[in-house]
Amino acid sequence: MRSLTHAPVFRRKLHAWFRANGRDLPWRKTRDPYAVLVSELMLQQTQVSRVVDYYARFLDRFPTVHDVARARPAHVREAWAGLGYYARARNLHALARTVTDRGRAAGATFPRTAADLRELPGVGAYTAGAVASFAFEQRAALVDTNVARVLARVFAPRLDPKRARDQRTLWTIAEAILPRTGRATWTHNQSLMELGALICTARVARCAACPVRSVCASAPAAPVHRAPARPRRSPAAG
DNA sequence: AATGCGGGGAA
DNA sequence: TTCCCAGCATT
C-alpha cells in the first residue's frame, strides 16, 4: 500500500468538503441507535434514494425498538415490502427482541461497541462500524463499497476493492486514517461514504470536482496553468 | 472463496 | 443489457 503520509491533509480536505456539500439525509439528524440501525439495514445493497421513503414510513409505524419487538413478523415484513432482501426485516425483528429482552422493561440496551454489535443478527463488519460511529460516535472504522473504492483509489491504487483478500488491507487503511476522536469519526465516516457516492463513483471518478485529488494516487495530475507556449523546436528538428 | 438474496436506477 | 447499490449469512 502507498504511504499514509497524506492522511491528515486528506481528512481535512474531505471533511471541509462534506460540511459544504454533504446531503441532508434523514438518518444524519439522529443519534438514536434504533433509527440508525433501521437506516443501515435498509441501506444494505440499496440506494439512498429508494430508502428515504421507507425509512420515514417505517419509523412512523414503529417509532421505537419496542414497537418492532412487539409487532407480528408479518407486520414488519409488510413495512418492508418492496425493498427486497427480506432477511433484513426478519433480522431487524429478531434483533429488536434480543435488545429489548435482555434490557429491563423500560429501556432497550444496545451494544455500543462494534465487536458487540457484530453479534446481532444481520449486523456484519460494516454495519457494526456504522452503528458504533454514527449512533454512539465511537472511534470505529467502516468499509462499505464506497469506502473501499475511495481508499483504494487514494491510498492503494493497486488494490482491487472488489477482491475479498484486498478488503483486509482496506480495513487496515480505514483504521489507520481514523481521526482521533469519536465525534470526528462520525463526520469522517460519513464524508468517506459521501465522497464515494457523489464524486468518486464506481463508473466515473469525477476527479475535477474532487476535494482530495491533490493527495490521491489515482487522480490525474492537475492541469498545469501556464502561459501560452513559446514556439519551440523539437531536438530532432532542423 | 462462492453463492443466494430484490428490486430499481443509470450508463 | 450490464453494472451497481451504506452487505450479510450460508455453504
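Order of the sequence lines sets the chain letters (A, B, ...), proteins ahead of strands, with each chain counted from 1. All values reported here derive from a predicted model rather than from experimental measurement.
- Here A:L142 lies out of heavy-atom contact (under 4.0 Å) with every strand.
- In this structure, A:R165 atom CZ and B:dA2 atom C1' are separated by 17 Å, rounded to whole Å.
- Among A:L178, A:V147, A:V143, the single residue meeting the side-chain contact (heavy atoms from CB on, under 4.5 Å) criterion with A:N189 is A:L178.
- Under the ring pair (Phe, Tyr, Trp, His ring centres under 6.0 Å) criterion, A:F136 pairs with no residue at all, not counting sequence neighbours.
- Annotation: B:dG6 and C:dT11 have their P atoms spaced 16 Å apart (nearest Å).
- Distance alone, capped at 3.5 Å, places no donor-acceptor pair between the A:R139 side chain and the A:T185 backbone.
- Atom pair A:R90:CZ and B:dC5:P shows a separation of 11 Å (rounding to whole Å applied).
- Comparing the same atom, P, in C:dA6 and in B:dG4 gives a spacing of 23 Å after rounding to whole Å.
- A:R168 places its CZ atom 10 Å from the P atom of B:dA1, with the value rounded to the nearest Å.
- As rounded to the nearest Å, C:dC3 and B:dT3 have P atoms that lie 15 Å from one another.
- Atom pair A:R203:CZ and C:dT1:P shows a separation of 16 Å (rounding to whole Å applied).
- Although no hydrogens or angles enter the test, the distance criterion places a donor-acceptor pair under 3.5 Å between the side chain of A:R97 and the main chain of A:A69.
- Of the options A:V131, A:T127, A:L41, a side-chain contact (heavy atoms from CB on, under 4.5 Å) to A:V36 is made by A:V131 and by none of the others.
- One finds a salt bridge joining A:K29 and A:D24 here, because a Lys/Arg side-chain nitrogen approaches an Asp/Glu carboxylate oxygen to under 4.0 Å.
- Nearest-nucleotide assignment on DNA chain B puts the 5′-proximal partner with A:A164, out of A:M42 and A:A164.
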Nucleic acid footprint by protein, nucleotides 5-11 of chain C - heavy-atom cut-off 4.0 Å, B for base, S for sugar-phosphate alone: BBBSS--

